[in-house]
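Quick notes on the structure that follows.
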Amino acid sequence: MEHLTPDMIMVMVMIGVAIFLFIVEWVRVDVVAILMMVCLPLLHLVTPKEAFVGLSSNAVVSIIAVIIIGAGLDKTGMINKLVKPVLAVAGKSTSRVIVAISFTVAVISSFMQNIGAAALFLPAIQRISKVQKIPLNRLLMPVGFSAILGGTITLVGCSPLILLNDLLLPFHLEPFGLFDVTPIGLALVASGILCFIFLGKFMFPQADLSEKQVTEQTCDWDSSDEPGTRKNCLYELTTSDDYMDYRDTVRVDDLHRRYLVSILALTEPPDYKTLSPSPDTEIRSNVDLVVWGEKRDVQRLATAEEMQLKETVEYYGKEFEADTSGMVEAVVSPRSQFSGRPLGMNNFNDRFRVTPMSIHRQEDVYKAKLDDIVLQTGDVISFYGTWKRLEVLQEEGGLLFSLPSDLEDMRPEKALWASGWLVLSLVMIMVFDIQLSVALMTGALGMVMTRVLSIDEAYQSVDWRTIFLLAGLIPLGIATQKTGTAAWIAASILNIIGDVQPIVLLTVIGILSTLFTLVISNVGATVLLVPLVVNMALAAHADPRMAALVVGLATSNSFVLPTHQVNALYMGPGRYRTIDFIKAGSLVSILFLAVMITMIYLFYGV
């Protein structure tokens with residue numbers, strides 16, 4: 001075995017720094033990747049050209065194209081069109097609905113990023129839950145798991161598989177085709193859905209909302225099909241003529257904190273109606289207020305503040321009609337611009353004229369001091385406002401929710417064009433053997449040329465943080481291979497475990513990849529592990545392509561903790577706890593490894 005060189009030591013230090021920063025999250029993961037991109041050439045571990053080769057790599061261009069194609073399909077409303085026939089097949093059976101939606105999401109995830117598919121389906125699943133009267137926590141987890149599993153059906157379903165061929169280039173190994181992983185991916189999806197059918201009662205939360213939660217949510221959606229209609233939660237009050245004469249200044253935020261009610265509107269002198277007033281707005285004498293909250297809290301407010309509680313909403317009746325305003329429950333999306341900042345800093349009241357009313361995070365509901373709460377991916381924020389203002393908030397991006405006007409913004413007349421460009425891309429890959437990035441970018445360009453998307457919408461759809469995460473970590477993989485670090489680590493591991501059968505080696509690699517992806521991003525795990533496992537396979541006289549494929553697949557085996565983006569996204573709306581993921585995810589992870597290794601053995605003869 002070769003001796004450690006200074007370059008090897010520096011590469012291992014950089015790997016250690018990257019893993020440490022991924023875990024502690026002092027800076028965002030894309031910033032860590034850019035740090036690697038800059039530091040590696042400064043340390044002369046890669047050349048400047050190698051440091052930035054990731055920005056033009058086949059993998060990065062392919063992911064950009066896949067995201068744009070997915071945005072085009074969403075813009076035509078094809079996702080919404082899928083829901084009706086799926087429900088028609090499933091009928092009223094809860095188990096059939098879960099199976100049908102899970103399979104549909106898995107198929108969609110095979111041709112677009114699984115987090116994108118999960119985000120697109122979230123509003124539809126919420127509507128299904130309401131219409132079919134199925135608790136949302138019984139739907140979201142199996143659907144989320146299916147989205148992750150569906151990413152293994154094709155080579156463009158998830159970032160690690162898209163990245164795989166680029167990581168194999170330095171070893172001059174034969175690249176994988178678009179559907180080379182399909183038998184394995186279909187087996188994983190099928191086994192997962194069968195597991196949901198037969199073991200779902202033991203795996204997933206089955207109970208309806210607890211009595212405490214029901215009490216907390218007596219102001220939740222009624223049985224109407226349209227979002228935003230609620231019952232028995234709006235109240236109008238009037239302050240006395242001498243309200244300001246004998247008390248300290250009272251502001252909107254003071255009433256919210258003291259009585260757990262939301263001030264949705266108030267009158268400002270001389271007779272100006274203000275909707276969604278700012279938290280520091282002063283409550284004056286002889287003005288009308290519209291508040292939202294539980295009746296007991298509103299009565300407590302009226303008594304303590306000596307306000308008159310009206311029997312109905314009179315002065316503001318028109319402003320709060322169902323076709324004018326309403327409420328939405330918005331989910332903070334992955335990599336949202338609102339995430340990581342206190343709610344107050346996002347200034348929703350002044351910027352969008354909507355009122356944040358509560359935040360639901362896992363099993364906790366926050367109704368007071370909302371401005372101080374730092375938002376996280378998967379948080380569910382209840383907003384009240386006019387539909388026009390909520391539409392402006394939706395266009396800002398970063399929050400997932402549906403509006404009654406959503407269907408008007410779709411372009412269903414472009415559905416044939418969108419599906420045609422997707423099919424053309426696949427035909428170019430399968431029939432004409434055109435490189436993945438070129439074929440997919442042709443489809444993306446077609447979406448723009450036929451006006452399925454505008455070029456600005458195409459640019460906005462791309463998550464540039466994911467792009468820089470991929471591009472920044474590719475040079476780290478190059479440095480690991482180029483300096484001999486991967487070969488040295490591989491030889492050290494083989495000296496420890498000794499001679500093993502190839503199937504045992506692949507199982508060890510699968511377990512190692514699964515553990516890595518629980519603590520760092522699946523992209524980071526793939527970049528770090530592929531050079532290592534290829535060297536291990538070569539030294540052990542096993543198939544290096546299969547070793548790399550195990551990493552590409554097993555880095556999607558992230559079910560045990562809500563660290564995967566899909567799990568984090570669904571955790572808030574589903575009101576899940578970490579223990580729920582541990583309970584269900586442990587079984588799915590074991591099944592994933594068993595099915596993956598079995599299929600590789602059967603189809604590739606390892």
Side-chain angles (χ1 to χ4, degrees), residues 209-222 227-240 243-244 246-267 273-317 319-320 322 325-330 343-344 348-349 353-373 379-385 572 575:
L209 294 175
S210 66
E211 184 178 344
K212 177 183 177 182
Q213 289 172 308
V214 170
T215 301
E216 291 173 344
Q217 299 187 9
T218 52
C219 287
D220 271 354
W221 308 108
D222 64 14
T229 52
R230 293 196 169 195
K231 294 181 177 179
N232 304 323
C233 293
L234 275 176
Y235 299 90
E236 187 170 311
L237 303 99
T238 303
T239 59
S240 60
Y243 183 78
M244 299 175 63
Y246 55 90
R247 71 182 73 220
D248 294 334
T249 300
V250 179
R251 304 186 186 278
V252 166
D253 187 55
D254 296 327
L255 298 182
H256 186 95
R257 286 187 294 102
R258 293 173 189 171
Y259 308 106
L260 300 180
V261 298
S262 298
I263 312 301
L264 303 184
L266 57 78
T267 308
K273 294 180 178 180
T274 300
L275 301 179
S276 300
S278 174
D280 59 359
T281 303
E282 185 177 350
I283 307 297
R284 301 179 182 273
S285 301
N286 198 28
V287 299
D288 293 293
L289 299 88
V290 177
V291 303
W292 180 282
E294 301 293 342
K295 187 172 183 178
R296 62 179 182 274
D297 293 327
V298 177
Q299 290 174 333
R300 188 161 54 92
L301 162 66
T303 301
E305 299 293 331
E306 298 179 351
M307 297 182 185
Q308 178 189 352
L309 177 60
K310 299 181 180 180
E311 293 184 2
T312 61
V313 178
E314 301 172 357
Y315 189 66
Y316 283 92
E319 285 80 6
F320 287 92
S325 65
M327 180 176 173
V328 299
E329 291 189 335
L343 183 139
F348 291 108
N349 294 79
R353 282 298 170 188
V354 297
T355 303
M357 301 164 63
S358 66
I359 298 175
H360 203 127
R361 177 179 297 165
Q362 299 180 30
E363 63 265 35
D364 298 321
V365 180
Y366 301 95
K367 294 184 178 181
K369 298 185 178 180
L370 298 183
D371 286 350
D372 299 331
I373 297 175
D379 283 351
V380 181
I381 311 173
S382 297
F383 288 104
Y384 202 107
R575 313 303 196 239

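The structure displayed is predicted, hence computed values, not measured ones.
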- request: Run the numbers on Leu237 and Glu305 for side chain to side chain contact (heavy atoms under 4.5 Å, CB included), then give the verdict.
  value: CA-CA 11 Å; Leu237 303 99; Glu305 299 293 331; over 6 Å; no

message = Could you walk me through whether Val250 and Leu255 satisfy the side chain to side chain contact (heavy atoms under 4.5 Å, CB included) test, starting with their C-alpha distance in whole Å, then the side-chain angles of each, then the deciding distance to 0.1 Å, before giving a yes or no?
response = CA-CA 8 Å; Val250 179; Leu255 298 182; 3.7 Å; yes

* Mind running side chain to side chain contact (heavy atoms under 4.5 Å, CB included) on Leu234 and Trp292 for me, showing each step along the way? => CA-CA 5 Å; Leu234 275 176; Trp292 180 282; 3.5 Å; yes

message = Run the side chain to side chain contact (heavy atoms under 4.5 Å, CB included) test on Thr274 and Arg353 for me, step by step, so that the C-alpha distance in whole Å, both residues' side-chain angles and the decisive distance to 0.1 Å come before the verdict.
response = CA-CA 9 Å; Thr274 300; Arg353 282 298 170 188; 4.0 Å; yes

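When the salt bridge (charged side-chain N to carboxylate O under 4.0 Å, His left out) test is applied to Lys369, no partner is found at least two apart in sequence or on another chain. Not counting sequence neighbours, the partners of Ser358 by the side chain to side chain donor-acceptor pair (under 3.5 Å) test are Ser382. Legend: residues meeting salt bridge (charged side-chain N to carboxylate O under 4.0 Å, His left out) with Asp371, ordered by chain and number and at least two apart, are absent. Residues that satisfy the salt bridge (charged side-chain N to carboxylate O under 4.0 Å, His left out) test with Arg300, not counting sequence neighbours, are Asp297. Legend: residues meeting side chain to side chain donor-acceptor pair (under 3.5 Å) with Glu306, ordered by chain and number and at least two apart, are Tyr246. Partners of Glu282 according to the salt bridge (charged side-chain N to carboxylate O under 4.0 Å, His left out) rule, which considers only residues two or more places apart in sequence or in another chain, do not exist here. Legend: residues meeting side chain to side chain donor-acceptor pair (under 3.5 Å) with Arg257, ordered by chain and number and at least two apart, are Asp253, Asp254. Judged as a side chain to side chain contact (heavy atoms under 4.5 Å, CB included), and not counting sequence neighbours, the contacts of Ala330 are Phe383, Leu399, Phe401. Residues that satisfy the side chain to side chain contact (heavy atoms under 4.5 Å, CB included) test with Ser278, not counting sequence neighbours, are Asp280, Thr281, Asp350. Applying the side chain to side chain donor-acceptor pair (under 3.5 Å) rule to Ser262 yields no partners; only residues at least two apart in sequence or on another chain are considered.
Checking Leu266, Leu264, Leu301 one by one against Val291, the side chain to side chain contact (heavy atoms under 4.5 Å, CB included) holds for a single residue, Leu301. Partner of Ile381 under the side chain to side chain contact (heavy atoms under 4.5 Å, CB included) criterion, out of Leu370, Leu343, Val328: Leu343 alone.
The two atoms that bring Ala302 and Leu309 nearest to each other are CB-CB, 4.3 Å, heavy atoms only. Pairing each heavy atom of Val252 with each of Pro277, the nearest pair is CG2-CG, 4.1 Å. Looking at every heavy atom in both residues, Thr239 comes nearest to Arg284 through OG1-O, 2.8 Å.
Contact annotation: the side chain of Ser276 never approaches that of Tyr384 to less than 4.5 Å [non-hydrogen atoms, C-beta and beyond]. Within the 4.5 Å cutoff, side-chain heavy atoms of Val287 are placed close to those of Leu289. The shortest distance between side-chain heavy atoms of Met307 and Tyr243 falls below 4.5 Å.
No donor-acceptor pair under 3.5 Å is formed between the side chain of His256 and the backbone N or O of Arg251. Counting only distance, with no hydrogens or angles, the side chain of Ser285 and the backbone of Met244 share a donor-acceptor pair below 3.5 Å. A donor-acceptor pair under 3.5 Å is absent between the side-chain atoms of Thr238 and the main chain of Gln308, judged by distance alone. Not one N or O on the side chain of Arg361 forms a donor-acceptor pair closer than 3.5 Å with the backbone of Asp379.
Atoms OH and CZ, on Tyr259 and Arg296 in that order, are 15.5 Å from each other to the nearest 0.5 Å. One distance of note links CG of Asn349 with CG of Leu275; it measures 11.5 Å at 0.5 Å rounding. In this structure, Glu311 CD and Glu236 CD are separated by 12.0 Å, a value rounded to the nearest 0.5 Å.
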